[in-house]
Every structure is written in structure tokens, then in C-alpha cells.
Amino acid sequence: MYRCAIPPSLSEAAFTVGFKRWCSWLPAAAVLAHVCFVGAASAAGTLAGSTIESTATATFTSGSYSDSVASNKTGVRVDELIDLTIVAADSSLVIAGDGKMPLVFSVTNTGNGPEAFRWNVLPSSAGNGFDLVVDQVALDSNGNGLFDAGLDEVLPQGSETPPIAPDSSRTLFVLVRLPAGASDGQVSNLRLAISAGTGAGAPGTVFPGQGLDGTDAVVGPSGGEKVATAAVTASLASVTLTKAALVRDQFGGNQPVPGATVTYRLTATVVGTGQVQNVVLSDTIPAGTTYIPGTLRLDDAPLTDADDGDAGRAGPEGISATLPSASGGTTRAVSFDVKIN
């Protein structure tokens, strides 16, 4: 079946009569119609404010005569479609108890016009073992995907992102830390809600004149708002400490008599999946005993008594040994000897 457009110079009735006559003269006459569109297309669709122009033509033959006729030109101005996606760069993260972590989210404008987006951080969620402390939200100013303190723009609470071009993405960083009382292995879900600055609603909702260049803005399939979730697991550690005493007397036995030697052993066990820092194991020399110089040891390796840069220090008042860091599941031991007075 063929369609032909009415030339602007003919009335509908005149065109119909003439066309029927041409067709009756030539049963085999061929008529072809086509439409031409003007306007660039992209993944987000034709840019808002663009005009789609359309003209139809009809070509025909009648014996040795052939000709073509053109329709009038129609123009349709494209409205702005409001649409977006948001994803968490890593939906499952581990955070240590000694610092801040940037949670990374990517916001993509899948509409066909520039749009600014409002953000809202939701740290509380049903089932959370704890709620993360949110320090700030920042925009990836240089686009390198990494949080650069002092360089990336901090966004005030309740603000919008700068307008994001169609088919473009911007990265948001949500800087978080563990609250007091969080336990090792607990999980917290933090959500970042994003909504279009123009408005949100059911797909198809129209905001008259609010689109690019005064076009209408129409809400797309996303509803103009989306939420992404990042799950964060606390990685913490703690220390348990036990103390043991081994007695060796001067007679080859283990009686705690004057002159006998007592070896004290402090055993620190790091519990959890994280790390502990600056662990100091210390003890005082018990009354009624005297420290035996040169007996301080860490994991059975000798330490000097002087405060000279190694991990240990010992003297008549007591001993100490410092561990810069230790991981969960490790055990460290400090031992020293005293003589019963």
C-alpha cells in the first residue's frame, strides 16, 4: 500500500480526483513516498529544543510522463525528557575503625537535556548493625574518580549538583566513618537518593515550560529519582591480654623462695578482622622482687633495656614494649625475669 502527500498548491479534492485519473490510466503506475527527518540523535535521544522536520514526496509515472510532488513541511519541537541512573561504584566495602572512607556513586543523566540533581544521604536503614557517620558529600571536580581532599568541591547539605549534560555522568563522594560502638563484622547499608531538580513524578508527568529553551519537561521511566545502596562492613580489632608466671628456684625446682627467678610472660591476642595500632604492653616490677637486667624479650627475641629506639624499655620500676600495629588473629608476647628478694 502506498501513501502520497497532498502538494500545498492543490486542494484535497482536486488532488484526489487527479490522482485517481493517473492511476486509472496506468494500472501499473508506481507511487513512492518517503519522509526526511532533521535532527541529531544520541543514546539519550534527540536533544531537547531540537526541531524534527518532515517532508513527504510522491513520485509517479503516466505513460512517458513522470513527476513528483512534495507535501508541506511539518516541524515538531522536542520536549525535554527527565531521566537518570545512579550506581554505587562498589556495593560492598570494608571500613577500618581508624579513618574516613569515600563511598563512590556515579550519577548519569539519561535524559535529553542538561539537568541538575538534588541529593540526599540516608545512612539509616532497616537491619543496619550501625549507622555510618556522614562527614560530607563532594563532587569529583577533576573527574579522576578519586577523592582529593581540598580539591573536590564540597556540596552543602540540601544542594544540587551542577547541571549534567545529556549522556554524561558525574561522580559523588560520600565521606563516612564508623560511629562509636560499632562492632567488628557488623554491616551498614547507606543509601544515596538522587532526584531531578526540575521535578519527579510518575512517568509521563509534564512540567510545562520547565525544559530546555522553554520546552515542556516530561518525566521518563526512572520517575526522575533513583536510589543506590552501598553496604559497608566494619573491620575492627581488639586486644585480650593474659599474664603467666613461671618459677625456677636455685635448687633446680619451682619453689618461690628468696633467690628464685620468676619469668613473667604477657600474651596479647588481637581479635577481629581489622588492625590495632600503637599497642603498648607494660608491667610493673612486683614488690618483693628485683628486675634482672637484660631479660626483656619480645616474641622470645631480646630487647635492650635502654630507651634506645627498639620496641622495649625496662628498669627497676617496670617494663614496656610497643607494637606499632598488629592484625586480627595474631599473638604477640613480652617476657622478663625478676628475682625474689
Side-chain angles (χ1 to χ4, degrees), residues 92-101 128-133 176-188 231-341:
S92 182
L93 298 162
V94 176
I95 182 171
D98 58 346
K100 299 178 182 180
M101 170 183 284
N128 275 359
F130 59 90
D131 291 336
L132 288 161
V133 178
V176 298
R177 54 187 168 86
L178 293 177
S183 300
D184 182 58
Q186 286 184 321
V187 177
S188 178
V232 179
T233 302
S235 179
L236 298 169
S238 59
V239 176
T240 62
L241 184 64
T242 60
K243 182 177 180 178
L246 175 66
V247 178
R248 300 185 307 277
D249 64 35
Q250 60 270 43
F251 310 111
N254 56 6
Q255 298 302 124
V257 296
T261 298
V262 182
T263 298
Y264 289 109
R265 188 175 184 87
L266 313 179
T267 302
T269 301
V270 184
V271 180
T273 62
Q275 282 194 336
V276 290
Q277 290 80 33
N278 300 317
V279 181
V280 180
L281 305 179
S282 60
D283 202 358
T284 58
I285 305 303
T289 68
T290 301
Y291 172 68
I292 301 176
T295 60
L296 183 63
R297 305 174 75 85
L298 174 62
D299 297 331
D300 297 323
L303 296 174
T304 60
D305 292 344
D307 187 8
D308 55 5
D310 71 2
R313 182 174 58 181
E317 302 300 322
I319 63 93
S320 68
T322 301
L323 311 175
S325 65
S327 299
T330 61
T331 298
R332 306 297 298 272
V334 174
S335 61
F336 62 97
D337 294 349
V338 299
K339 181 176 286 188
I340 299 177
N341 297 336

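Within the structure, the ring-ring contact (aromatic ring centres under 6.0 Å, His included) test picks out the following pairs touching residues 316-340 (sequence neighbours left out): Tyr264-Phe336. For the ring-ring contact (aromatic ring centres under 6.0 Å, His included) condition, no pair includes a residue of residues 301-321, sequence neighbours left out.
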Which atom pairs, donor and acceptor, lie under 3.5 Å between side-chain atoms of residues 234-241 and protein residues at least two apart or in another chain?
{"residue": "Ser235", "atom": "OG", "partner": "Thr273", "partner atom": "O", "Å": "3.3"}
{"residue": "Ser235", "atom": "OG", "partner": "Thr273", "partner atom": "OG1", "Å": "3.2"}
{"residue": "Ser235", "atom": "OG", "partner": "Gly274", "partner atom": "N", "Å": "3.4"}

Which pairs would a plain distance check flag for residues 325-333, meaning a side-chain donor or acceptor within less than 3.5 Å of a matching protein atom at least two apart in sequence or in another chain?
{"residue": "Ser327", "atom": "OG", "partner": "Gln275", "partner atom": "NE2", "Å": "3.1"}
{"residue": "Thr330", "atom": "OG1", "partner": "Ser327", "partner atom": "O", "Å": "2.6"}
{"residue": "Arg332", "atom": "NE", "partner": "Asp299", "partner atom": "OD2", "Å": "2.5"}
{"residue": "Arg332", "atom": "NH2", "partner": "Asp299", "partner atom": "OD2", "Å": "3.1"}

Let me see the working for Ile95 and Val176 under side chain to side chain contact (heavy atoms under 4.5 Å, CB included), right down to the final yes or no. CA-CA 9 Å; Ile95 182 171; Val176 298; 4.2 Å; yes
Check against salt bridge (Lys or Arg N to Asp or Glu O under 4.0 Å), Lys243 and Asp283: CA-CA 10 Å; Lys243 182 177 180 178; Asp283 202 358; 2.5 Å; yes
As a quick check of understanding, evaluate side chain to side chain contact (heavy atoms under 4.5 Å, CB included) for Asn278 and Leu323, giving each step before the final call. CA-CA 6 Å; Asn278 300 317; Leu323 311 175; over 6 Å; no
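Here the side chains of Arg297 and Val334 are not in contact, with every heavy-atom distance at 4.5 Å or above. Inter-residue side-chain proximity for Thr295 and Val338 is flagged as unmet; no heavy-atom pair is nearer than 4.5 Å. No side-chain heavy atom of Val133 sits less than 4.5 Å from a side-chain heavy atom of Leu178. Two residues are said to be in side-chain contact when any heavy atoms from C-beta on lie closer than 4.5 Å; Val94 and Val232 fail this criterion. Contact annotation: the side chain of Ser188 approaches that of Phe130 to within less than 4.5 Å [non-hydrogen atoms, C-beta and beyond].
When all heavy atoms are compared, the tightest approach of Val262 to Ala245 is CG1-CB, 4.0 Å. Contact between Gly272 and Asp184 at its shortest, heavy atoms only, is CA-OD2, 3.5 Å. What you find for Val187 and Ala231 is that their closest heavy atoms are CG1-CB, 4.4 Å. Looking at every heavy atom in both residues, Ile319 comes nearest to Ala314 through CG2-CB, 3.5 Å.
Judged as a side chain to side chain contact (heavy atoms under 4.5 Å, CB included), and not counting sequence neighbours, the contacts of Asp308 are Thr304, Ala306, Asp310. Contacts of Ser183 classified as side chain to side chain contact (heavy atoms under 4.5 Å, CB included), with partners at least two apart in sequence or in another chain: Gln186.
Formation of a donor-acceptor pair under 3.5 Å by the Gln250 side chain with backbone atoms of Pro258 is found in this model. Side-chain atoms of Asp249 do not come within 3.5 Å of backbone N or O of Val257 as any donor-acceptor pair.
In this structure, the separation between CG on Asn254 and CG on Leu246 is 8.0 Å, given to the nearest 0.5 Å. The structure places CD of Glu317 at 13.0 Å from OG of Ser282, a figure rounded to the nearest 0.5 Å. A distance of 11.5 Å separates OG of Ser335 from CG of Leu281, quoted to the nearest 0.5 Å.
Between the side chains of Thr290 and Asn341, at least one donor N or O sits under 3.5 Å from an acceptor N or O. Thr261 and Asp337 are not linked by any side-chain donor-acceptor pair at a separation below 3.5 angstrom, with hydrogens and angles left out of the test.
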